[in-house]
There are 4 protein chains.
Amino acid sequence: MAEIKNASSAAAADNAPGVRARRKAQRPQEILHAAFDEFVERGYTATRIEDVAKRAGVTKGTIYLYFQNKEELFQDVVRKLSQPIFNEEQFWLEHQSRPCDQLVRLFLDTVYEHMTVNPYSREILRFLISDGRSFPELTASHYDEFVKPTLTIFEHILEKGMREGVFRADAATSQMSYILLSPALTLTIDKLLDCQTDLPELNDYVNAHYEMIMRNIRK
Amino acid sequence: MAEIKNASSAAAADNAPGVRARRKAQRPQEILHAAFDEFVERGYTATRIEDVAKRAGVTKGTIYLYFQNKEELFQDVVRKLSQPIFNEEQFWLEHQSRPCDQLVRLFLDTVYEHMTVNPYSREILRFLISDGRSFPELTASHYDEFVKPTLTIFEHILEKGMREGVFRADAATSQMSYILLSPALTLTIDKLLDCQTDLPELNDYVNAHYEMIMRNIRK
Amino acid sequence: MAEIKNASSAAAADNAPGVRARRKAQRPQEILHAAFDEFVERGYTATRIEDVAKRAGVTKGTIYLYFQNKEELFQDVVRKLSQPIFNEEQFWLEHQSRPCDQLVRLFLDTVYEHMTVNPYSREILRFLISDGRSFPELTASHYDEFVKPTLTIFEHILEKGMREGVFRADAATSQMSYILLSPALTLTIDKLLDCQTDLPELNDYVNAHYEMIMRNIRK
Amino acid sequence: MAEIKNASSAAAADNAPGVRARRKAQRPQEILHAAFDEFVERGYTATRIEDVAKRAGVTKGTIYLYFQNKEELFQDVVRKLSQPIFNEEQFWLEHQSRPCDQLVRLFLDTVYEHMTVNPYSREILRFLISDGRSFPELTASHYDEFVKPTLTIFEHILEKGMREGVFRADAATSQMSYILLSPALTLTIDKLLDCQTDLPELNDYVNAHYEMIMRNIRK
DNA sequence: CATGAATGAGAATTCATTCAT
DNA sequence: CATGAATGAATTCTCATTCAT
């Protein structure tokens with residue numbers, strides 16, 4: 001998990017005056033990040049509150065000032081550290097004039113960039129697979145807020161292409177989007193399993209994925 | 001987990017004479033299945049040996065007659081309950097004469113059948129995602145023994161199609177197989193998350209997946 | 001404990017016919033010796049019945065055919081494997097004509113021989129020191145049957161010497177015997193502790209002990 | 001074990017404010033003494049951490065705040081409750097001018113006083129005999145730190161007497177010291193066995209022991 | 001606010017003992 | 001007689017949570 005490194009690490013010991021207030025305001029965030037890191041490394045059940053505390057540079061008791069209990073802490077980690085890949089409005093604002101095949105490519109690049117650069121989506125997916133059964137609403141809301149919107153943008157791109165006559169007329173079913181985007185999820189799972197010695201070069205992979213999509217939707 | 005129901009449930013209490021030896025032979029299996037069920041429901045760490053025992057119709061101590069400890073039990077569950085989807089030799093024996101596009105379809109049907117009908121592959125995938133980091137060799141060997149061979153058959157089908165001139169010359173790279181089969185894994189993950197209220201009708205999904213593949217490899 | 005090696009080791013597997021009956025008769029003895037060895041190596045509480053059984057070449061259940069339970073087994077080990085150093089009658093029969101200083105020397109030699117050659121007295125002393133508080137009658141009867149008689153012989157020797165005018169008139173108090181024989185116990189304890197790298201050469205030690213005694217009782 | 005009674009008994013329940021810090025400082029000591037008492041009564045293996053806790057007026061968990069585990073606790077009991085009989089320097093400072101036979105007597109009185117008054121040396125000897133095989137370094141270091149220095153002082157006294165011409169020229173070999181002091185160890189063992197109904201009157205015993213020594217070393 | 005000592009409910013594991021074969 | 005599978009009480013050790021300071 002070397003790539004997962006966040007602010008919390010910097011915590012620990014600074015006694016400068018005035019810093020206190022600023023620190024206090026950041027506490028919950030620091031704790032969330034520390035908790036995230038621990039959950040990633042050990043899983044929910046095996047993570048000890050004390051270790052989260054140590055990582056956040058505070059003591060056990062402090063955790064309980066900000067979070068009801070371990071379950072709440074876990075749910076807050078998932079809820080507050082999940083980051084949407086896209087802001088749909090902004091996406092269209094920035095790229096409206098582009099041709100549709102470029103939009104598909106842009107979309108893909110953004111998805112992979114997001115998945116590769118930051119560990120949150122990936123690891124939160126792990127949390128949900130591992131312990132989601134104990135927190136059913138969590139999984140549901142995560143899907144609604146983060147997965148679905150992403151699929152939706154892709155569908156909108158396909159629809160645009162159809163309207164413009166560059167994509168096949170039957171390209172944009174929600175099922176098709178789902179299938180066409182699968183390789184991105186597959187790569188994520190592979191990283192979670194961390195077992196493939198021969199993980200593909202990312203760039204090649206995205207290219208291949210893009211080709212696969214285009215062969216399916218190009219007129 | 002209603003669908004996961006196995007022999008172990010039938011255990012509990014029968015004192016008929018002669019039963020002893022027969023029971024002893026079955027015990028490990030019964031325990032493995034009970035453990036599987038519990039691990040599925042609660043995850044590795046949250047599963048208590050005593051619950052596994054109860055489910056298997058024995059007591060704590062008995063578990064330890066057959067398995068060194070909880071870790072071993074877990075590993076044995078993964079190792080011994082994993083079932084290969086295909087026997088490659090048999091696959092070719094049975095279907096050698098078929099045209100290649102039919103082979104692709106057969107392959108897909110078998111994969112989805114396996115994934116849908118029996119919970120083992122799916123749930124063992126969950127185990128590996130959840131706790132695989134604590135058992136690295138386990139993940140690796142599972143990949144080698146169960147995932148890789150399946151990918152390999154698919155590649156062989158693609159190669160056959162290329163040799164016979166019905167598939168495109170660049171169809172069969174290992175990366176491409178991986179990408180083309182992604183939708184099957186995606187569906188599995190979705191089931192693991194158990195959050196999609198609108199899970200697609202399996203048959204439609206397989207059809208769509210098949211179409212996606214064919215559009216990519218057909219000449 | 002390399003020096004402790006007894007018949008029990010030879011147990012295990014012999015299926016020759018006829019041997020059965022002989023073996024059966026020896027079972028209790030074999031078990032006692034196996035138990036002794038285990039108690040020596042691990043102490044009472046840490047010794048497992050199953051290990052005793054394995055060492056005796058039988059199975060757990062068999063132990064319970066011959067001994068009520070672990071406590072009984074322990075007590076029987078102490079009771080039945082304790083060996084008296086002397087038979088007083090025989091001692092006098094054999095050595096009656098000897099001069100008293102020679103008797104003292106003979107007595108000492110026998111004591112040290114007994115303590116050195118066979119591990120029973122020593123290790124049973126360990127048992128009593130370790131766990132005697134849980135078996136009070138055991139300690140008492142061991143003292144009465146094995147320690148006291150030995151002290152008594154020594155007193156009788158001293159008395160004989162006094163009667164014959166070769167030992168001082170105040171030589172033979174029971175306290176004095178006790179004090180004069182202390183070095184033998186001390187050496188035993190040292191062996192039990194097994195920590196002295198510089199354990200004295202036995203022969204020198206006995207000589208020194210003899211000298212010490214003689215300086216105290218010689219006229 | 002009526003004579004073994006220590007501070008820990010006074011523990012249990014006091015909630016007065018400010019007590020916290022003071023208590024925390026005492027905890028390890030209290031636990032050590034409670035553990036000592038339990039080990040004395042039941043032996044290492046049979047002692048339950050929970051009983052130690054109860055005796056110390058705390059709960060199980062607290063023990064583990066101060067000691068890694070049961071083995072560490074045991075070793076710390078032996079290490080930290082062992083008390084040297086003498087401070088050699090101080091002994092010489094206080095008694096340098098005394099004649100050597102008086103030094104011997106002083107030495108003996110101190111040894112017996114120490115052994116009689118406080119149970120630590122005696123019971124720690126029991127621990128080492130019972131369980132020392134599981135903690136070999138412990139026995140070794142105990143011998144080096146507590147037994148050997150005591151023997152050494154005695155040898156120095158003998159040497160002084162030889163130099164001054166009041167003791168025999170061959171009095172001070174290390175073997176001889178060992179033999180001459182044996183009766184003290186013997187008495188200790190007897191107390192450990194707690195079986196002699198006719199334990200000698202201590203004062204008589206020390207007198208007899210002193211006489212025995214003097215008969216051996218006086219010119 | 002923050003601390004960290006203390007708690008005590010659990011969970012894994014062991015092993016004396018039983019009893020069907 | 002002998003076996004060894006099964007039991008379940010007992011024990012060590014952990015860790016979420018509380019609360020006095």
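Letters go in sequence order (proteins before strands), and every chain restarts at 1. Quantities reported herein were computed from a predicted structural model and do not represent experimental measurements.
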Per A:Val58 side chain, nearest of listed nucleotides E:dT3, F:dA6, F:dT7:
E:dT3

Atom pair distance, as rounded to whole Å: NZ in C:Lys70 and P in E:dT18
14 Å

Find which nucleotide of DNA chain E each of B:Thr47 and A:Thr62 is nearest to by heavy atoms, and output the residue with the more 5' nucleotide.
A:Thr62

For D:Arg133 and C:Arg42, work out which heavy atoms get closest and say how close.
NH2-N, 4.3 Å

For B:Glu38, is there any backbone N or O sitting under 3.5 Å from a side-chain donor or acceptor partner on B:Thr47?
yes

Whichever of A:Gly61 and D:Gln68 has the more 5' nearest nucleotide on DNA chain F, that residue is D:Gln68

Look at the side chain of B:Lys60 and decide which nucleotide, out of F:dC1, E:dT17, E:dT13, has an atom nearest to it.
E:dT13

Is the side chain of C:Lys80 donor-acceptor paired with the backbone N or O of C:Gln29 at a distance under 3.5 Å, no angle test?
no

Strand partner of F:dA16, provided both Watson-Crick or wobble distances fall under 3.5 Å
E:dT7

Nearest listed nucleotide, side chain of C:Tyr64, among E:dT13, E:dT17, E:dA12
E:dT17

Which nucleotide sits closest to the side chain of B:Thr59: F:dT7, F:dC15, F:dT3?
F:dT7

Who is the Watson-Crick or G-U wobble partner of F:dT21, with both distances under 3.5 Å?
E:dA2

The side chain of B:Leu65 lies closest to which of these nucleotides: F:dC1, F:dA6, E:dT13?
F:dA6

Starting the side chain at C-beta, find the nucleotide from E:dA16, F:dT12, F:dA16 nearest to A:Ile49.
F:dA16

Residue of the set D:Val77, D:Ile124, D:Leu138 for which side chain to side chain contact (heavy atoms under 4.5 Å, CB included) holds with D:Ser82
D:Ile124

Earlier contact from the 5' end, DNA chain E, for C:Arg48 and B:Ala46
B:Ala46

